[in-house]
Amino acid sequence: MRGPVVVVGDTLLDRDVEGVVNRLCPDSPVPVLDETSAVDRPGGAGLAAVFAAAQGAEVVLITALADDAGGARLSALLAAAGVQVYPLSLSGATPEKIRLRARGRVLLRHDRGGASGEPGQPSYEVLRVLAAASAVLVSDYGRGVARQPALRAALAATRAPVVWDPHPRGPAAVPGVHLVTPNESEVRELVPALPGASRLATASRGAQGLRRRWRAGAVAVTLGGDGALLCHAGSTPLVVPTPGSAEGDTCGAGDRFAAAASLALARGALVSEAVQAAVAEASAYVAGGGVASALPPPEQPFPRVLRAGSNRGPASGHGVTGPGGERVGIAAVATLLAEVRGAGGTVVATGGCFDLLHAGHVATLQAARQLGDCLIVCVNSDTSVTGLKGPDRPVMSEGDRARLLAALSCVDAVLVFDEPTPEAVLSWLRPDVWVKGGDYATGGPDAAGLPEAEVLRRWGGNTVVVPYLDGRSTSDLITRSAGGPAPGLGERTQQPVSTTRERSR
(Lines give C-alpha, C1' and ligand atoms only; values in the text may rest on other atoms or scores of the structure.)
Protein backbone atom coordinates (compact mmCIF):
# COMPACT_ATOMS: atom_id res chain seq x y z
CA MET A 1 0.00 0.00 0.00
CA ARG A 2 1.38 3.41 -0.96
CA GLY A 3 -0.39 5.31 1.79
CA PRO A 4 -2.64 4.86 4.82
CA VAL A 5 -6.15 3.50 4.78
CA VAL A 6 -8.28 6.53 5.64
CA VAL A 7 -11.63 6.12 7.39
CA VAL A 8 -14.01 9.10 7.27
CA GLY A 9 -17.20 9.32 9.26
CA ASP A 10 -19.10 9.66 12.50
CA THR A 11 -17.63 8.02 15.60
CA LEU A 12 -19.83 7.00 18.51
CA LEU A 13 -18.98 5.78 21.99
CA ASP A 14 -20.38 2.28 22.44
CA ARG A 15 -20.75 0.79 25.90
CA ASP A 16 -21.69 -2.76 26.82
CA VAL A 17 -23.02 -3.08 30.36
CA GLU A 18 -23.15 -6.69 31.52
CA GLY A 19 -25.14 -7.74 34.56
CA VAL A 20 -27.47 -10.26 36.14
CA VAL A 21 -31.25 -10.19 36.50
CA ASN A 22 -32.66 -11.77 39.66
CA ARG A 23 -35.75 -9.69 40.34
CA LEU A 24 -38.36 -7.32 38.97
CA CYS A 25 -38.58 -3.64 39.77
CA PRO A 26 -41.11 -3.14 42.63
CA ASP A 27 -42.79 -0.14 41.00
CA SER A 28 -42.96 -1.50 37.44
CA PRO A 29 -42.96 -5.04 35.95
CA VAL A 30 -39.52 -4.71 34.36
CA PRO A 31 -36.31 -6.60 35.14
CA VAL A 32 -33.65 -5.05 37.36
CA LEU A 33 -30.13 -5.37 35.94
CA ASP A 34 -27.39 -5.57 38.58
CA GLU A 35 -24.30 -4.32 36.76
CA THR A 36 -21.21 -6.52 37.04
CA SER A 37 -18.95 -5.07 34.33
CA ALA A 38 -18.85 -2.47 31.59
CA VAL A 39 -16.68 -2.07 28.50
CA ASP A 40 -16.28 1.04 26.34
CA ARG A 41 -15.25 0.88 22.68
CA PRO A 42 -15.32 3.13 19.62
CA GLY A 43 -18.43 2.72 17.51
CA GLY A 44 -19.40 3.76 14.01
CA ALA A 45 -16.46 4.92 11.90
CA GLY A 46 -14.21 4.45 14.92
CA LEU A 47 -14.99 0.73 15.08
CA ALA A 48 -14.28 0.33 11.36
CA ALA A 49 -10.93 2.08 11.88
CA VAL A 50 -10.06 -0.21 14.80
CA PHE A 51 -10.88 -3.27 12.69
CA ALA A 52 -8.61 -2.05 9.88
CA ALA A 53 -5.77 -1.25 12.29
CA ALA A 54 -6.06 -4.71 13.84
CA GLN A 55 -5.15 -6.15 10.41
CA GLY A 56 -1.80 -4.39 10.51
CA ALA A 57 -2.64 -1.48 8.22
CA GLU A 58 -1.65 2.12 8.84
CA VAL A 59 -5.03 3.69 9.58
CA VAL A 60 -6.06 7.33 9.77
CA LEU A 61 -9.49 8.27 11.11
CA ILE A 62 -11.03 11.59 10.13
CA THR A 63 -13.90 12.18 12.53
CA ALA A 64 -15.52 14.81 14.71
CA LEU A 65 -14.87 14.80 18.48
CA ALA A 66 -16.91 16.79 20.98
CA ASP A 67 -15.42 18.69 23.90
CA ASP A 68 -16.84 16.31 26.50
CA ALA A 69 -15.99 13.15 28.42
CA GLY A 70 -17.20 10.93 25.61
CA GLY A 71 -14.96 12.63 23.08
CA ALA A 72 -11.97 12.32 25.40
CA ARG A 73 -12.67 8.65 26.04
CA LEU A 74 -12.95 7.97 22.31
CA SER A 75 -9.64 9.67 21.65
CA ALA A 76 -7.94 7.49 24.25
CA LEU A 77 -9.49 4.26 22.97
CA LEU A 78 -8.57 5.01 19.35
CA ALA A 79 -4.99 5.91 20.22
CA ALA A 80 -4.64 2.68 22.21
CA ALA A 81 -5.85 0.73 19.15
CA GLY A 82 -3.16 2.26 16.94
CA VAL A 83 -5.49 4.55 15.00
CA GLN A 84 -4.17 7.99 14.04
CA VAL A 85 -6.99 10.45 14.74
CA TYR A 86 -7.30 13.59 12.62
CA PRO A 87 -10.08 15.29 14.56
CA LEU A 88 -12.63 17.85 13.47
CA SER A 89 -14.41 19.93 16.06
CA LEU A 90 -17.96 18.88 16.94
CA SER A 91 -20.65 21.07 18.41
CA GLY A 92 -22.93 19.35 20.89
CA ALA A 93 -22.34 16.09 22.71
CA THR A 94 -20.68 12.80 21.82
CA PRO A 95 -23.29 10.29 20.60
CA GLU A 96 -23.39 7.19 22.82
CA LYS A 97 -25.01 3.79 22.45
CA ILE A 98 -25.31 1.78 25.64
CA ARG A 99 -26.35 -1.87 25.46
CA LEU A 100 -27.66 -3.43 28.66
CA ARG A 101 -26.95 -7.17 28.57
CA ALA A 102 -27.57 -10.25 30.68
CA ARG A 103 -26.14 -13.69 29.88
CA GLY A 104 -24.99 -12.40 26.49
CA ARG A 105 -28.43 -11.13 25.47
CA VAL A 106 -29.28 -7.47 24.91
CA LEU A 107 -32.17 -6.35 27.13
CA LEU A 108 -32.24 -2.71 26.14
CA ARG A 109 -30.25 -0.16 24.15
CA HIS A 110 -30.00 3.35 25.55
CA ASP A 111 -28.94 6.09 23.10
CA ARG A 112 -27.85 9.53 24.21
CA GLY A 113 -26.10 12.55 22.78
CA GLY A 114 -29.07 14.33 21.26
CA ALA A 115 -29.31 15.78 17.78
CA SER A 116 -26.32 15.65 15.48
CA GLY A 117 -23.78 18.40 16.01
CA GLU A 118 -22.10 20.34 13.23
CA PRO A 119 -18.58 19.11 12.35
CA GLY A 120 -15.89 21.74 11.89
CA GLN A 121 -13.81 22.52 8.84
CA PRO A 122 -11.00 20.09 7.95
CA SER A 123 -7.44 21.35 8.21
CA TYR A 124 -4.93 21.29 5.38
CA GLU A 125 -3.39 18.16 6.92
CA VAL A 126 -6.74 16.36 6.80
CA LEU A 127 -7.10 17.13 3.09
CA ARG A 128 -3.47 16.15 2.48
CA VAL A 129 -3.83 12.74 4.12
CA LEU A 130 -6.97 12.07 2.07
CA ALA A 131 -5.05 12.81 -1.12
CA ALA A 132 -2.29 10.37 -0.07
CA ALA A 133 -4.59 7.47 0.90
CA SER A 134 -4.26 3.98 -0.55
CA ALA A 135 -8.00 3.50 0.05
CA VAL A 136 -10.78 5.48 1.70
CA LEU A 137 -13.72 4.11 3.67
CA VAL A 138 -16.60 6.48 4.32
CA SER A 139 -18.43 5.05 7.32
CA ASP A 140 -21.54 7.21 7.44
CA TYR A 141 -23.74 7.06 10.53
CA GLY A 142 -25.95 9.97 9.50
CA ARG A 143 -24.52 12.54 11.91
CA GLY A 144 -22.92 15.00 9.51
CA VAL A 145 -19.28 14.20 8.80
CA ALA A 146 -20.06 12.75 5.36
CA ARG A 147 -21.97 15.94 4.52
CA GLN A 148 -19.04 18.28 5.23
CA PRO A 149 -18.54 20.17 1.93
CA ALA A 150 -14.72 20.35 1.97
CA LEU A 151 -14.46 16.65 2.82
CA ARG A 152 -16.87 15.73 0.04
CA ALA A 153 -14.84 17.73 -2.46
CA ALA A 154 -11.66 15.94 -1.35
CA LEU A 155 -13.36 12.54 -1.55
CA ALA A 156 -14.56 13.26 -5.07
CA ALA A 157 -11.05 14.30 -6.10
CA THR A 158 -9.05 11.41 -4.60
CA ARG A 159 -7.57 8.79 -6.91
CA ALA A 160 -7.74 6.11 -4.23
CA PRO A 161 -10.54 3.54 -4.30
CA VAL A 162 -13.43 4.75 -2.15
CA VAL A 163 -15.80 2.43 -0.27
CA TRP A 164 -19.00 4.12 0.93
CA ASP A 165 -20.94 2.49 3.77
CA PRO A 166 -24.18 4.52 3.67
CA HIS A 167 -26.83 5.47 6.19
CA PRO A 168 -30.47 6.22 5.29
CA ARG A 169 -30.23 9.59 7.09
CA GLY A 170 -26.92 10.42 5.46
CA PRO A 171 -26.09 12.06 2.14
CA ALA A 172 -25.62 10.39 -1.21
CA ALA A 173 -22.20 8.97 -1.98
CA VAL A 174 -19.95 11.27 -4.00
CA PRO A 175 -19.96 10.33 -7.71
CA GLY A 176 -17.44 7.74 -8.82
CA VAL A 177 -16.94 5.69 -5.65
CA HIS A 178 -15.70 2.15 -6.27
CA LEU A 179 -18.05 0.30 -3.94
CA VAL A 180 -21.17 1.04 -1.88
CA THR A 181 -21.97 -1.41 0.95
CA PRO A 182 -25.54 -1.07 2.30
CA ASN A 183 -27.33 -3.82 4.15
CA GLU A 184 -30.78 -5.09 3.16
CA SER A 185 -32.81 -2.76 5.32
CA GLU A 186 -30.80 0.28 4.19
CA VAL A 187 -31.36 -0.64 0.55
CA ARG A 188 -35.12 -0.88 1.14
CA GLU A 189 -35.14 2.60 2.69
CA LEU A 190 -33.03 4.11 -0.09
CA VAL A 191 -34.78 2.30 -2.99
CA PRO A 192 -38.38 1.22 -2.23
CA ALA A 193 -39.05 -2.44 -3.03
CA LEU A 194 -41.69 -3.63 -5.48
CA PRO A 195 -44.66 -5.41 -3.84
CA GLY A 196 -44.28 -9.18 -3.83
CA ALA A 197 -40.69 -9.18 -5.09
CA SER A 198 -38.37 -11.86 -3.79
CA ARG A 199 -35.49 -11.12 -1.46
CA LEU A 200 -32.84 -11.44 -4.18
CA ALA A 201 -34.87 -9.42 -6.64
CA THR A 202 -35.34 -6.66 -4.09
CA ALA A 203 -31.65 -6.56 -3.25
CA SER A 204 -30.65 -6.61 -6.93
CA ARG A 205 -33.12 -3.89 -7.91
CA GLY A 206 -32.04 -1.72 -4.98
CA ALA A 207 -28.34 -2.20 -5.72
CA GLN A 208 -28.73 -1.29 -9.39
CA GLY A 209 -30.87 1.70 -8.49
CA LEU A 210 -28.27 3.00 -6.05
CA ARG A 211 -25.45 2.33 -8.50
CA ARG A 212 -27.09 4.43 -11.21
CA ARG A 213 -28.32 7.16 -8.86
CA TRP A 214 -24.93 7.65 -7.19
CA ARG A 215 -22.84 6.82 -10.29
CA ALA A 216 -20.97 4.20 -8.29
CA GLY A 217 -18.79 1.49 -9.77
CA ALA A 218 -20.51 -1.30 -7.83
CA VAL A 219 -22.93 -1.91 -4.96
CA ALA A 220 -22.67 -4.86 -2.58
CA VAL A 221 -25.78 -5.52 -0.48
CA THR A 222 -24.97 -7.51 2.66
CA LEU A 223 -27.48 -10.28 3.36
CA GLY A 224 -26.59 -11.22 6.92
CA GLY A 225 -25.87 -14.93 7.26
CA ASP A 226 -26.44 -15.44 3.53
CA GLY A 227 -23.44 -13.41 2.36
CA ALA A 228 -23.68 -10.52 -0.09
CA LEU A 229 -25.03 -9.64 -3.52
CA LEU A 230 -22.75 -7.60 -5.80
CA CYS A 231 -24.05 -5.58 -8.73
CA HIS A 232 -21.69 -4.20 -11.39
CA ALA A 233 -22.59 -2.42 -14.62
CA GLY A 234 -23.82 -5.69 -16.12
CA SER A 235 -27.31 -7.04 -15.61
CA THR A 236 -26.36 -10.24 -13.76
CA PRO A 237 -25.50 -9.86 -10.05
CA LEU A 238 -22.85 -11.91 -8.25
CA VAL A 239 -24.00 -13.72 -5.10
CA VAL A 240 -21.19 -14.37 -2.61
CA PRO A 241 -22.33 -16.91 0.02
CA THR A 242 -20.85 -17.21 3.47
CA PRO A 243 -18.22 -19.97 3.83
CA GLY A 244 -20.08 -21.52 6.76
CA SER A 245 -22.56 -20.89 9.55
CA ALA A 246 -22.43 -17.31 10.84
CA GLU A 247 -24.86 -17.18 13.75
CA GLY A 248 -24.12 -14.90 16.70
CA ASP A 249 -23.90 -11.27 17.72
CA THR A 250 -23.96 -9.24 14.48
CA CYS A 251 -23.14 -5.88 16.12
CA GLY A 252 -20.31 -4.39 14.07
CA ALA A 253 -20.51 -6.96 11.26
CA GLY A 254 -21.24 -4.27 8.66
CA ASP A 255 -18.24 -2.26 9.82
CA ARG A 256 -16.06 -5.39 9.62
CA PHE A 257 -17.32 -6.05 6.08
CA ALA A 258 -16.63 -2.49 4.89
CA ALA A 259 -13.20 -2.37 6.54
CA ALA A 260 -12.17 -5.71 5.00
CA ALA A 261 -13.31 -4.62 1.53
CA SER A 262 -11.38 -1.35 1.86
CA LEU A 263 -8.19 -3.14 2.90
CA ALA A 264 -8.48 -5.56 -0.01
CA LEU A 265 -8.90 -2.71 -2.50
CA ALA A 266 -5.94 -0.89 -0.96
CA ARG A 267 -3.85 -4.01 -1.65
CA GLY A 268 -4.88 -4.10 -5.31
CA ALA A 269 -7.79 -6.56 -5.30
CA LEU A 270 -10.61 -6.44 -7.82
CA VAL A 271 -13.99 -5.33 -6.45
CA SER A 272 -15.34 -8.89 -6.73
CA GLU A 273 -12.30 -10.21 -4.85
CA ALA A 274 -12.70 -7.51 -2.20
CA VAL A 275 -16.35 -8.48 -1.63
CA GLN A 276 -15.45 -12.16 -1.31
CA ALA A 277 -12.76 -11.30 1.24
CA ALA A 278 -15.20 -9.08 3.12
CA VAL A 279 -17.87 -11.80 3.31
CA ALA A 280 -15.31 -14.25 4.70
CA GLU A 281 -14.05 -11.72 7.28
CA ALA A 282 -17.54 -10.70 8.43
CA SER A 283 -18.69 -14.32 8.69
CA ALA A 284 -15.67 -15.32 10.76
CA TYR A 285 -16.20 -12.25 12.94
CA VAL A 286 -19.80 -13.18 13.77
CA ALA A 287 -19.03 -16.87 14.24
CA GLY A 288 -16.12 -15.98 16.52
CA GLY A 289 -18.28 -14.09 18.99
CA GLY A 290 -18.64 -10.66 17.43
CA VAL A 291 -17.30 -7.46 18.86
CA ALA A 292 -16.75 -8.88 22.35
CA SER A 293 -14.20 -11.33 20.98
CA ALA A 294 -12.77 -9.31 18.09
CA LEU A 295 -11.52 -6.37 20.12
CA PRO A 296 -8.69 -6.63 22.66
CA PRO A 297 -9.73 -6.49 26.32
CA PRO A 298 -9.89 -3.00 27.82
CA GLU A 299 -6.73 -1.70 29.43
CA GLN A 300 -8.56 -1.04 32.66
CA PRO A 301 -11.61 -3.02 33.81
CA PHE A 302 -14.72 -1.53 35.32
CA PRO A 303 -15.05 0.64 37.40
CA ARG A 304 -12.09 2.68 36.07
CA VAL A 305 -13.94 3.18 32.77
CA LEU A 306 -14.53 6.87 32.13
CA ARG A 307 -18.15 7.85 32.22
CA ALA A 308 -19.66 10.79 30.43
CA GLY A 309 -20.20 13.69 32.77
CA SER A 310 -17.61 12.59 35.29
CA ASN A 311 -14.72 14.80 36.36
CA ARG A 312 -12.02 12.39 35.22
CA GLY A 313 -9.08 12.39 32.89
CA PRO A 314 -9.57 11.18 29.32
CA ALA A 315 -7.69 7.92 29.57
CA SER A 316 -6.96 7.23 33.15
CA GLY A 317 -10.31 7.51 34.87
CA HIS A 318 -8.61 9.57 37.57
CA GLY A 319 -10.55 12.35 39.30
CA VAL A 320 -9.33 15.02 41.69
CA THR A 321 -11.38 16.74 44.34
CA GLY A 322 -10.61 19.16 47.14
CA PRO A 323 -8.68 22.44 46.77
CA GLY A 324 -8.44 23.36 43.10
CA GLY A 325 -10.69 20.42 42.21
CA GLU A 326 -13.03 22.64 40.22
CA ARG A 327 -10.14 23.29 37.81
CA VAL A 328 -9.00 19.66 37.54
CA GLY A 329 -10.50 17.00 35.32
CA ILE A 330 -12.47 16.59 32.16
CA ALA A 331 -15.56 18.56 33.19
CA ALA A 332 -13.47 21.60 34.05
CA VAL A 333 -11.52 21.37 30.80
CA ALA A 334 -14.64 20.88 28.66
CA THR A 335 -16.25 23.97 30.20
CA LEU A 336 -13.10 25.99 29.66
CA LEU A 337 -12.77 24.88 26.03
CA ALA A 338 -16.36 25.86 25.29
CA GLU A 339 -15.88 29.31 26.81
CA VAL A 340 -12.58 30.09 25.11
CA ARG A 341 -13.49 28.72 21.70
CA GLY A 342 -16.92 30.35 21.87
CA ALA A 343 -15.18 33.69 22.27
CA GLY A 344 -12.77 32.97 19.42
CA GLY A 345 -9.80 32.62 21.79
CA THR A 346 -6.56 30.66 21.57
CA VAL A 347 -6.18 27.41 23.53
CA VAL A 348 -2.66 26.68 24.82
CA ALA A 349 -1.60 23.39 26.40
CA THR A 350 1.55 21.91 27.88
CA GLY A 351 2.37 18.68 29.65
CA GLY A 352 4.76 16.66 31.74
CA CYS A 353 5.20 14.78 35.00
CA PHE A 354 5.65 17.87 37.22
CA ASP A 355 6.99 15.70 40.01
CA LEU A 356 8.20 18.17 42.69
CA LEU A 357 7.00 21.46 41.25
CA HIS A 358 9.90 23.92 41.02
CA ALA A 359 10.88 27.32 39.59
CA GLY A 360 11.73 25.85 36.18
CA HIS A 361 8.22 24.49 35.85
CA VAL A 362 6.66 27.79 36.91
CA ALA A 363 8.75 29.77 34.41
CA THR A 364 7.63 27.47 31.58
CA LEU A 365 3.98 27.68 32.62
CA GLN A 366 4.04 31.45 32.93
CA ALA A 367 5.61 31.79 29.49
CA ALA A 368 3.07 29.36 28.01
CA ARG A 369 0.11 31.26 29.45
CA GLN A 370 1.18 34.42 27.65
CA LEU A 371 0.72 32.71 24.27
CA GLY A 372 -3.06 32.46 24.38
CA ASP A 373 -6.31 32.89 26.27
CA CYS A 374 -6.09 29.82 28.52
CA LEU A 375 -3.51 27.25 29.60
CA ILE A 376 -4.38 23.58 30.08
CA VAL A 377 -1.74 21.38 31.74
CA CYS A 378 -1.68 17.65 30.87
CA VAL A 379 -0.13 15.69 33.75
CA ASN A 380 1.20 12.13 33.58
CA SER A 381 -0.55 9.86 36.06
CA ASP A 382 1.34 7.92 38.72
CA THR A 383 1.27 4.83 36.48
CA SER A 384 2.62 6.80 33.53
CA VAL A 385 5.38 8.46 35.58
CA THR A 386 6.53 5.09 36.95
CA GLY A 387 6.72 3.71 33.43
CA LEU A 388 8.77 6.70 32.25
CA LYS A 389 10.99 7.38 35.26
CA GLY A 390 11.27 4.09 37.15
CA PRO A 391 9.80 2.42 40.24
CA ASP A 392 10.94 5.17 42.65
CA ARG A 393 8.88 7.84 40.90
CA PRO A 394 6.72 9.78 41.31
CA VAL A 395 7.63 11.40 44.59
CA MET A 396 4.27 13.16 44.75
CA SER A 397 0.93 11.56 43.90
CA GLU A 398 -0.97 12.61 40.81
CA GLY A 399 -3.67 14.19 42.96
CA ASP A 400 -1.19 16.42 44.79
CA ARG A 401 0.61 17.32 41.59
CA ALA A 402 -2.66 18.28 39.90
CA ARG A 403 -3.78 20.38 42.90
CA LEU A 404 -0.51 22.30 43.03
CA LEU A 405 -0.66 23.08 39.32
CA ALA A 406 -4.30 24.13 39.50
CA ALA A 407 -3.44 26.54 42.33
CA LEU A 408 -1.10 28.54 40.05
CA SER A 409 -2.62 31.70 38.64
CA CYS A 410 -1.16 30.98 35.19
CA VAL A 411 -2.91 27.58 34.93
CA ASP A 412 -6.58 27.48 33.94
CA ALA A 413 -7.24 23.71 34.05
CA VAL A 414 -5.45 20.38 34.57
CA LEU A 415 -5.91 16.90 33.08
CA VAL A 416 -4.37 13.63 34.27
CA PHE A 417 -3.59 10.90 31.70
CA ASP A 418 -2.19 7.35 31.88
CA GLU A 419 -0.40 6.94 28.54
CA PRO A 420 3.37 7.52 28.18
CA THR A 421 2.65 10.26 25.61
CA PRO A 422 -0.16 12.86 25.50
CA GLU A 423 -1.28 11.97 21.96
CA ALA A 424 -4.77 10.84 22.98
CA VAL A 425 -5.31 13.88 25.20
CA LEU A 426 -4.10 16.23 22.46
CA SER A 427 -6.39 14.68 19.83
CA TRP A 428 -9.32 15.53 22.08
CA LEU A 429 -8.12 18.94 23.26
CA ARG A 430 -7.03 20.13 19.80
CA PRO A 431 -5.02 23.01 21.30
CA ASP A 432 -3.94 25.84 19.02
CA VAL A 433 -0.50 25.85 20.66
CA TRP A 434 1.47 23.10 22.43
CA VAL A 435 4.35 24.37 24.58
CA LYS A 436 7.46 22.57 25.80
CA GLY A 437 10.21 23.90 28.04
CA GLY A 438 13.65 23.75 26.43
CA ASP A 439 17.26 24.01 27.62
CA TYR A 440 18.85 25.92 24.75
CA ALA A 441 22.38 25.44 26.08
CA THR A 442 22.80 21.70 25.56
CA GLY A 443 21.58 21.05 22.02
CA GLY A 444 18.91 18.68 20.75
CA PRO A 445 15.95 18.64 18.37
CA ASP A 446 14.10 21.81 17.49
CA ALA A 447 10.39 22.32 18.14
CA ALA A 448 9.41 20.86 14.77
CA GLY A 449 11.15 17.64 15.75
CA LEU A 450 9.15 17.09 18.93
CA PRO A 451 6.83 14.06 18.66
CA GLU A 452 3.84 16.21 19.57
CA ALA A 453 4.46 18.49 16.55
CA GLU A 454 3.19 15.85 14.10
CA VAL A 455 0.04 15.38 16.18
CA LEU A 456 -0.61 19.15 16.34
CA ARG A 457 -0.32 19.46 12.57
CA ARG A 458 -3.35 17.18 12.13
CA TRP A 459 -5.69 20.07 12.99
CA GLY A 460 -3.43 23.00 12.15
CA GLY A 461 -1.97 23.55 15.62
CA ASN A 462 1.55 24.75 16.36
CA THR A 463 4.29 23.49 18.69
CA VAL A 464 6.70 25.93 20.32
CA VAL A 465 9.52 25.80 22.88
CA VAL A 466 10.03 28.39 25.61
CA PRO A 467 13.31 28.94 27.51
CA TYR A 468 13.81 26.80 30.58
CA LEU A 469 15.48 27.96 33.82
CA ASP A 470 18.77 26.10 33.72
CA GLY A 471 19.90 24.25 36.82
CA ARG A 472 16.36 23.33 37.87
CA SER A 473 15.18 19.78 37.41
CA THR A 474 13.19 17.29 39.43
CA SER A 475 15.98 14.71 39.24
CA ASP A 476 18.47 17.24 40.67
CA LEU A 477 16.12 18.11 43.51
CA ILE A 478 15.67 14.44 44.39
CA THR A 479 19.45 13.93 44.34
CA ARG A 480 20.00 16.92 46.64
CA SER A 481 17.32 15.80 49.06
CA ALA A 482 19.10 12.43 49.27
CA GLY A 483 22.36 14.16 50.21
CA GLY A 484 24.01 14.19 46.75
CA PRO A 485 25.61 17.13 44.93
CA ALA A 486 23.55 19.83 43.29
CA PRO A 487 24.70 19.69 39.67
CA GLY A 488 24.84 23.09 37.99
CA LEU A 489 22.50 24.88 40.39
CA GLY A 490 22.79 28.60 39.94
CA GLU A 491 25.43 28.42 37.23
CA ARG A 492 23.11 29.66 34.45
CA THR A 493 19.59 31.01 34.40
CA GLN A 494 17.61 31.90 31.26
CA GLN A 495 20.53 31.58 28.82
CA PRO A 496 18.87 30.82 25.47
CA VAL A 497 21.25 29.72 22.76
CA SER A 498 20.52 27.71 19.61
CA THR A 499 18.69 24.38 19.94
CA THR A 500 16.42 22.65 22.42
CA ARG A 501 16.30 19.69 24.72
CA GLU A 502 13.37 18.96 27.02
CA ARG A 503 14.55 18.83 30.62
CA SER A 504 13.60 16.11 33.08
CA ARG A 505 10.22 16.69 34.60
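In what follows, residues are counted from 1 in the order of the sequence shown.
- For the atom pair CG (L426) and CH2 (W434), the distance works out to 5.0 Å, reported to the nearest 0.5 Å.
- Under 3.5 Å, the side chains of Q366 and R369 contain no donor-acceptor pair of N or O atoms.
- Side-chain atoms of V129 and I62, non-hydrogen and from C-beta on, do get closer than 4.5 Å to each other.
- Tested against L415, the residues V328, V379, V333 include a single side chain to side chain contact (heavy atoms under 4.5 Å, CB included) partner, V333.
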- request: Take L337 and V347 through the side-chain contact (heavy atoms from CB on, under 4.5 Å) test and state the conclusion after the steps.
  value: CA-CA 7 Å; L337 289 174; V347 176; 3.9 Å; yes
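- The shortest distance between side-chain heavy atoms of T158 and L130 does not fall below 4.5 Å.
- Remark: side-chain polar atoms of R205 are paired, donor with acceptor, to backbone N or O of P192 under 3.5 angstrom.
- Side chain of R2 to backbone of A133: a donor-acceptor contact under 3.5 angstrom is found.
- Among residues two or more places apart in sequence or in another chain, the salt bridge (Lys or Arg N to Asp or Glu O under 4.0 Å) test is passed with E189 by none.
- Nearest heavy-atom pair across V7 and A45 is CG1-O, 3.6 Å.
- Side-chain N or O atoms of D412 include one that pairs as donor or acceptor with a backbone N or O of L375 at under 3.5 Å.
- In this structure, V6 and P4 have side chains that are in contact, with non-hydrogen atoms separated by less than 4.5 Å.
- Contact check on D382 versus R401 returns a salt bridge, with a Lys/Arg side-chain nitrogen under 4.0 Å from an Asp/Glu carboxylate oxygen.
- Scanning both residues, G142 and S116, for their nearest heavy atoms gives O-OG, 3.8 Å.
- Judged by distance alone, with hydrogens and angles left aside, the side-chain atoms of T181 form no donor-acceptor pair with the main-chain N or O of A258 at under 3.5 Å.
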message: Walk me through whether D165 and V163 qualify under side-chain contact (heavy atoms from CB on, under 4.5 Å).
response: CA-CA 7 Å; D165 195 10; V163 176; 5.6 Å; no
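- Summarising the geometry, atom OG1 belonging to T94 is positioned 8.5 Å from atom CG belonging to D67; distances are rounded to the nearest 0.5 Å.
- Looking at S427 and R458, their side chains come closer than 4.5 Å, going by heavy atoms from C-beta outward.
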task: Could you check F354 against L404 for side-chain contact (heavy atoms from CB on, under 4.5 Å), going step by step and ending with a plain yes or no?
output: CA-CA 10 Å; F354 298 98; L404 285 172; over 6 Å; no
task: Could you walk me through whether L429 and C378 pass the side-chain contact (heavy atoms from CB on, under 4.5 Å) test, one step at a time?
output: CA-CA 10 Å; L429 286 176; C378 305; 3.6 Å; yes
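- In terms of modelled atom types and a separation under 3.5 Å, the side chain of E96 and the main chain of D111 share no donor-acceptor contact.
- Residues L65 and R430 form a side-chain contact, since some pair of their non-hydrogen atoms from C-beta on lies under 4.5 Å apart.
- Using modelled atom types, no side-chain atom of W214 and backbone atom of G209 make a donor-acceptor pair closer than 3.5 Å.
- Note that NE2 of H110 and NZ of K97 are 13.0 Å apart. Values are rounded to the nearest 0.5 Å.
- For the residue pair Y285 / D255, no side-chain donor-acceptor distance below 3.5 Å is found, with atom types taken as modelled.
- If you take CG on L100 and CG on L107, they are separated by 7.0 Å, rounding to the nearest 0.5 Å.
- L74 places none of its side-chain heavy atoms less than 4.5 Å from the side chain of V85.
- No side-chain heavy atom of D140 sits less than 4.5 Å from a side-chain heavy atom of P166.
- Around CD of Q55, the count of heavy atoms belonging to other residues, nucleotides or ligands within 6.0 Å exceeds 12.
- With hydrogens and angles disregarded, a donor-acceptor distance shorter than 3.5 Å links the side chain of W459 to the backbone of P431.
- Judged purely by atom type and a 3.5 angstrom limit, R213 has no side-chain atom pairing as donor or acceptor with the backbone of V191.
- Judged by the 6.0 Å distance and 45° axis criteria, R256 is positioned over the aromatic ring of F51.
- Among residues two or more places apart in sequence or in another chain, the salt bridge (Lys or Arg N to Asp or Glu O under 4.0 Å) test is passed with R188 by E184.
- Listed for the R212 side chain is no donor-acceptor partner under 3.5 Å among the backbone atoms of R215.
- Atom CZ of R41 sits about 10.5 Å away from atom CG of L77, to the nearest 0.5 Å.
- Counting heavy atoms from C-beta outward, V8 and L137 have side chains that stay 4.5 Å or more apart.
- Rounding to the nearest 0.5 angstrom, the gap separating the CD atom in E186 from the NE2 atom in H167 is 6.5 Å.
- Looking at S381, its side chain never comes within 3.5 Å of a backbone N or O of V416 through a donor-acceptor pair.
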